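Proteins get letters first, then strands, A, B, ... in listed order; numbering begins at 1 in each. Every value quoted in this text rests on a predicted model; they were computed, and no experiment measured them.
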Amino acid sequence: MEKESVNIIDNVLEKHLKGDLEAKIDIEDINEEHKNMCEKLNSVLEYEIECTKSAFEKECTFRKIFLQIGNLCNQILKGNLSKRMNILTIPFEMKNMGINLNTVFETLQKDIEILHKSESDLKIAISVFGFVLSKISKGDLSVKVDLNEISEEYETIGEDINSMILSIRKHIEDLQNRELELEKSKISTKYFKDYSEKILEFADDWGIGEVLKSVMKDWEKEHSYTSY
Amino acid sequence: MVFMNTKFTTGIAKGENSFEVGKTAAKQALSKMNEKINLSIVFSSSKYNYKEVIKGVREVTNNAPLIGCSTSGEFTEERTEKNSVAVALISSDSCKFFLGINSGLTEDPLGCFQDLNKKIIMQEDIEKFPNKSALIICDGLTHKGEEIATSANMTFDTEIFGGMAGDDMKVRETCVFMNDDSKTDAVVACKILSKSRIVFEVKHGHTPISPLLKITKASENILYTINNEPAWEVWKRYCKDDVKKTNGLDLDKTDSLMDVGTTLAVYELGIQAGNKYIIRWPLPSFNIFEDNKINFDTTISEGTRIRIMKSTKENQIKSAKEAVEKAISQIGKENVAGIIIFDCALRSMILKQDFLKAVKEINDVANVPLIGFEGYGEISMKIGDVSGFHNTTTVAILIPK
């Protein structure tokens, strides 16, 4: 190779190594037989510059992704779960990561929404049940759990409380009826006793009092009848 | 068709009373125009009470919409200052401005911009105002410059330009302003609908002095190792001879944090991104002589291909001028109403007294009203750009007539 061409190439390579990004072999200055080789050398120089450009662009792309992830995490900490990664800004090879991350956030949002709803339903149910039970404890059996006010998962408890109210109410009604009947029976017994004493008086007058008393005692023994 | 309907004027003042300084700067700008003001831009030194400064400006502008920030140096076409307030007033029927401010930038940059975007209600009129862009000014101490630029780009879906606030190199607290409000850890955005495209250019004056290196250990904004060697050791290797030759400083012997900081301001990091370098401002860790760590004002990623760069005063002056020249060449000087310059505070550290020369060169090229400030980072992201945060760079934004 001619010394002049070698010098040109050496000079360009030196400049390139020192960071001159414009350094390139001027093909016109190179003799014909080495033009092809110098074109290849220029391509190598260009390739290296392209590599640093591509690496820097990748870094910038990653920055965009990390900024979004940082933003999403920040929003989550603030309780906002509605944000998502902008898939359009993510390079092809990382799109799946973005989609998966969005799915995670979506699932998280749904789970937390479910948790919030459960919490709210429980609060409503406790409040409704508490009100009804407090009324019952004060003797008010006219209340009942409004099943429209509580969520489906607490309906069974609501229905059980309502059944319990009905059952207590029925037992009380039964007791009241028995009490009434007992009162009635007490009155009848007293009347019967008074009436029996009158009959005994008549029986004494007729001279058959002792006989009647003996018959009555036998009957009493037979029917375990308690005398008043 | 070019509409000649925008007026851009500036004023700059300094003093002791924040309210009066704001008022004086605004009055100077107002004295050059009679039209109704659509936007006022305020760059205030951290010396002042910001609320009082903007109160003073708004009193003069009849409460016109206002954006701005704290700064580390201010300039207009008239002069370059420290500890001053610079004001630009824009009156336009060819541009519409829509403002918003939001805080919480460090915790969640993307979320912050998304919330801000919701706050800015914009009445679009594609027929009359087909061009959309956004000027953004952010807190300068978030250490998330690139994340901020990317978040702005992802949210606004438009070209963005602007920069990070400063605080006179105290590195304590920076603020952004909107109307009567001033906030820290915040961003202020001005979405612009315009009849002509807002042209902007970015340029740095750095050249590589090291071979291609690889970041082998980094976490967030802290750089630990380069090519598996302690970061500061590697840095020293490539710049110590030049430092010794330039200012006689022996980096192997110094134990002054200031010496290291000044060195790193000149020998910055260049990320090789294809056929261009993106500049990052390195800052020494407080224990750099023991831990060899270097800090940055944005996240640094492991695996990034970098070179250690150097910037000469000449290149710094030239690059700022070239940024303006390149922008002007796209629309013609006659169509420029004014220029907003976002400049890095480091540039004035490198240039020292020559910073005045750099501004003068810009002024000579443009010869139109201009306002600028020195801050802690610049933003420029055109359609198709993947990155938008810069250091030790000049961003020149041309407001068309």
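Of the atoms belonging to Glu59(A), it is side-chain heavy atoms, and not backbone ones, that fall under 4.5 Å from chain B. In this structure, chain B has a heavy atom under 4.5 Å from the backbone of Lys18(A), while its side chain stays farther away. Of the two parts of Ile271(B), only the side chain, counted from C-beta on, holds a non-hydrogen atom closer than 4.5 Å to a non-hydrogen atom of chain A. For Thr207(B), no part sits under 4.5 Å from any heavy atom of chain A, backbone or side chain. Only the backbone of Leu17(A) comes within contact range of chain B, with at least one heavy atom under 4.5 Å from a heavy atom of that chain.
Here the side chain of Lys83(A) pairs no donor or acceptor atom with the backbone of Leu72(A) at under 3.5 angstrom. Side chain of Thr246(B) to backbone of Asp242(B): a donor-acceptor contact under 3.5 angstrom is found.
If you check the side chains of Glu146(B) and Ser387(B), you find a donor sitting under 3.5 Å from an acceptor. With 3.5 Å as the limit, one finds a donor-acceptor pair spanning the side chains of Glu48(A) and His16(A). For the residue pair Asn74(A)/Lys78(A), the side-chain donor-acceptor check at 3.5 Å is satisfied. No donor-acceptor contact under 3.5 angstrom links the side chains of Asn86(A) and Gln68(A), judged on distance only.
Comparing Ala273(B), Gly111(B), Gly270(B) by how many heavy-atom pairs each has under 4.5 Å with chain A, the most go to Ala273(B). Ranked by non-hydrogen atom pairs under 4.5 Å with chain A, the options Arg305(B), Glu147(B), Lys276(B) are led by Glu147(B). Of all the listed residues (Ala55(A), Cys60(A), Cys73(A), Ser54(A)), the one sharing the greatest number of non-hydrogen pairs under 4.5 Å with chain B is Cys60(A). Ranked by non-hydrogen atom pairs under 4.5 Å with chain A, the options Ser301(B), Ser151(B), Gly303(B), Pro211(B) are led by Ser301(B). Looking only at heavy-atom pairs under 4.5 Å with chain B, the residue among Ile49(A), Asn71(A), Thr61(A) that has the most is Asn71(A).
At a threshold of 4.0 Å, the pair Glu113(A)-Lys117(A) does not count as salt-bridged, since none of the basic side-chain nitrogens sits closer than that to a carboxylate oxygen.
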